[in-house]
Amino acid sequence: MKKVLFTVLALAALVLVSCGDKKTSTQNNPFMSEYENEYGIPPFDKITYADYEPAVDAGIEQQNAEIDSIIKNTAEPNFENTILALDNSGRILDKVSRVFNALSSSDNTPEMQKLSEVLLPKLTAQSDGMYMNEGLFAKVKAVYDNADKLGMDPIQKRLTEKYYKEFVRNGALLTAAQKDTLKEINRKLGEFKLKFGNNVMHDMDNCVFYVEKEEDLKGLPQNIIDNAAKLAADKGKKGQWAFTATASTRLAVLTYADSRDLRRKMYETYTTTANHGDEWDNTENIRNILLLRQQKANLLGFNTYADYAVDPYMAKTPKAAEDLLMSLWRPAIKKVDEEVADMQKYAAAHGDTAQFEACDYYYYAEKVKKDKFNFSEDDVRPYFALDSVVKNGIFFCANKLYGLTFEEMPDAPKYHPEVKVYDVKDAEGKHLAVFMTDYLPRPVKAQGAWMEAMQEAYNYGGENVRPIIYNVASMTPPAGDTPSLLTWDEVQTVFHEFGHALHGMLTRVQYRGLAGTNTDRDLVEMPSQINEHWAFEPEVLKNYARHYKTGEVIPDTLVQKLNEAAQFNMGFMTTELVGAALLDMYWHKKAWTAEELKNMDVKAFEQEVKQQLNMPALVEFRYRSPYFKHIFNDDQYACGYYTYLWSQVLEADGYMAFEQAGCFDKATADRYRALLEAGDTEDPMELYKKFRGHAPTADALLRNRGLK
């Protein structure tokens with residue numbers, strides 16, 4: 001169905017493009033008019049590949065005309081005619097960009113990849129053109145400089161300050177020649193980041209290895225075996241089993257496969273992703289990205305890219321961010337030593353005297369957990385059917401905490417048949433948001449899990465537009481008659497991404513630029529991580545954790561074991577995460593020169609970082625550099641991966657309020673909801689202190705992870 005659909009769309013694209021008439025190609029373009037459904041959901045079934053570029057071009061033309069109007073306005077610059085007009089500009093471009101961004105990650109077909117090569121340079125150039133527009137910046141600066149005289153309220157001042165700082169960070173104060181240089185740097189960065197991401201997706205899809213003997217599959221869950229058999233058959237090798245390093249398959253093999261050779265093959269396949277020395281190798285892309293980022297930082301007045309990246313956030317300096325990471329790192333690696341000792345003791349007692357390898361860590365961690373707590377992931381998976389985790393887990397919590405209800409809209413537009421769409425209503429029965437879920441893996445879907453908005457909320461000028469929010473992931477797929485049964489880690493991922501979704505859905509902000517998750521990176525991960533805690537709560541567990549065959553509620557004995565095992569292997573998990581954040585920091589805190597990067601060896605640099613950190617030999621970075629998409633495929637987390645840990649400090653301290661008052665305490669939930677509704681209307685630390693009553697400390701996080 002999917003392949004047929006995209007074949008049809010591709011043919012339609014060829015027909016429209018061959019016309020060569022821009023007017024003809026936009027005449028019936030869905031992006032060029034209001035969407036004809038109640039909540040403004042994009043009509044995915046009517047959107048063809050050929051619609052994107054004409055809509056982007058028209059959107060750029062529209063936004064440029066709106067910017068020109070702001071500049072030529074002879075009235076004194078004020079909030080309404082400058083800042084609000086800017087915030088409200090580019091509606092067509094916003095519509096098409098959001099759909100394009102969504103599908104280029106969740107349905108990144110070859111056609112979408114080709115479109116990316118065409119559209120991303122245009123979008124980058126448009127952003128550069130806007131933020132380096134001297135006439136527009138002069139207007140914004142005039143409002144910023146005269147904020148008090150103009151009588152703006154605090155929220156208007158915050159949006160004005162946000163735009164002013166964004167202009168400065170994007171080169172508004174540079175000379176004309178420097179702006180041209182920055183534009184070229186950004187253009188090249190866009191190219192190399194796109195190549196980096198495409199290389200990772202190519203390797204994840206195409207680096208396949210096969211198992212010929214059934215006995216080599218011993219220990220693997222049946223659904224993983226069934227899916228591997230299907231993949232092999234699809235690739236013309238019926239009777240064998242095919243494996244890729246996608247998340248759910250990789251973790252299952254590393255955790256359960258009794259064959260060390262199979263575990264080793266999976267580990268090597270994953271850790272060499274986009275690092276084979278072939279055309280899909282990301283080494284050269286990393287070199288180019290690092291050099292261009294260094295040049296960009298220098299051009300904007302910073303010594304390193306780390307200085308530039310951390311400057312606008314709560315940490316303020318790379319040293320402050322690194323100090324936080326090291327406060328977690330030291331106790332974490334000490335804990336790893338204890339964990340490895342337990343595993344080696346277990347292995348020796350069961351006849352395995354071979355030297356431990358990194359590919360053994362998950363396998364023996366699971367064995368020790370089962371031995372120590374009489375608990376295994378296999379014991380709980382039958383109770384974690386995806387549909388129940390969603391409807392009786394995250395939706396149940398949202399109703400208890402905030403009075404929200406979720407009504408599925410089976411006839412709503414969707415970009416793939418597996419997507420589910422919900423009408424979200426508040427406690428008064430009024431429409432609050434549209435929520436989309438896309439949880440199952442596909443070859444054309446990027447790895448990982450994320451939340452984004454297809455449409456942002458705003459409330460001004462007589463319009464009260466509510467958001468369209470979506471969650472995407474690649475959970476364990478169904479197999480035969482067995483539904484999608486999640487690992488405990490996947491359950492937490494569902495709760496995590498839904499925390500982001502709540503941040504986007506609950507927002508009650510006037511202006512688009514301050515709504516939902518448009519907040520400081522330091523704060524944006526806190527709601528997602530706080531939301532994970534409800535997955536553990538006994539009252540919630542008993543509501544969603546029901547055996548997929550019998551409907552039996554998860555037994556108290558299993559709940560107790562789940563909680564007892566919650567801190568197990570936390571040294572490894574913390575080391576893996578903090579290590580990745582430190583690797584990101586080390587890449588970007590160095591003032592790279594072209595000569596240094598010319599012969600820079602990625603693996604050697606990683607080994608050097610490991611040695612400096614005294615990293616345990618059996619632990620790898622959560623993401624090795626060639627497939628570390630957070631930092632090399634995107635600028636949002638470049639030298640910002642540490643914010644996951646910064647947010648976890650806020651999260652651990654913040655959830656203590658619910659631990660003390662009760663997980664569904666209304667007064668606490670109302671205070672927390674106020675933080676979610678506020679978006680970026682206040683300094684994030686002030687919002688946090690209003691909710692919690694004090695500034696956060698790392699003590700709760702260390703206790704939660706069993707590191708203190």
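On a predicted model such as this, the values are computed, not experimentally measured, just so you know.
Ionic pairing of R263 and E357 is not present here: no N-O contact between side-chain nitrogen and carboxylate oxygen is shorter than 4.0 angstrom. Ion pairing between E268 and K265 fails under the 4.0 Å rule for side-chain N and carboxylate O. Under a 4.0 Å N-O distance rule, the pair E339/K369 does not qualify as a salt bridge. By the 4.0 Å N-to-carboxylate-O rule, K193 lies too far from D634 to be salt-bridged with it. Between R287 and E284 there is a salt bridge, since at least one side-chain N of the basic residue sits less than 4.0 Å from a carboxylate O of the acidic one. Ion pairing of D379 with K561 is absent here, as no side-chain N (NZ or NE/NH1/NH2) approaches a carboxylate O to less than 4.0 Å. Contact check on D311 versus K316 returns no salt bridge, with no Lys/Arg side-chain nitrogen under 4.0 Å from an Asp/Glu carboxylate oxygen.
For T575 against W329, the heavy-atom pair with the smallest separation is O-CZ3, 3.4 Å. Across all their heavy atoms, F632 and S625 have their closest contact at CD1-O, 3.6 Å.
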side-chain hydrogen bond (donor to acceptor under 3.5 Å, both in side chains) between D258 and Y363: does it pass, once the steps are laid out? CA-CA 8 Å; D258 291 336; Y363 179 76; 2.8 Å; yes
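In this structure, K589 is positioned above the aromatic face of Y586, its NZ or CZ under 6.0 Å from the six-membered ring centre and within 45° of the axis. Within the cation-pi definition used here (under 6.0 Å to the ring centroid, within 45° of the axis), K367 does not qualify as a partner of Y256.
R671 places a side-chain N or O within donor-acceptor distance of the main-chain N or O of F691, the cut-off being under 3.5 Å. For the pair N563 (side chain) and V559 (backbone), a donor-acceptor distance under 3.5 Å is present. Between the R622 side chain and the A580 main chain, no donor and acceptor come within less than 3.5 Å of each other. Within the 3.5 Å criterion, the main-chain N or O of Y308 finds a donor-acceptor partner in the side chain of R169.
Checked against the 6.0 Å centroid threshold, Y641 and Y644 count as a close aromatic pair. Taking the six-membered ring for Trp and the full ring otherwise, the centers of F356 and Y364 sit less than 6.0 Å from each other. In this structure, F605 has its ring center closer than 6.0 angstrom to the ring center of W592. Taking the six-membered ring for Trp and the full ring otherwise, the centers of H533 and F658 sit at least 6.0 Å from each other. Taking the six-membered ring where the residue is Trp, the centroids of F568 and F375 are separated by 6.0 Å or more. Checked against the 6.0 Å centroid criterion, the rings of F495 and W534 do not qualify as a close aromatic pair.
When each of T517, T519, L676 is tested with P527 by the rule side chain to side chain contact (heavy atoms under 4.5 Å, CB included), just one qualifies, namely L676. Under the side chain to side chain contact (heavy atoms under 4.5 Å, CB included) rule, L583 has a single partner from R624, M615, K610, E606, which is E606.
In this structure, I224 CD1 and T249 OG1 are separated by 5.0 Å, a value rounded to the nearest 0.5 Å. The CG atom of N471 sits 8.5 Å away from the NE2 atom of H500 when rounded to the nearest 0.5 Å. Interatomic distance, CZ of R381 versus OG1 of T476, reported as 4.5 Å (0.5 Å rounding).
T244 places none of its side-chain heavy atoms less than 4.5 Å from the side chain of Y270.
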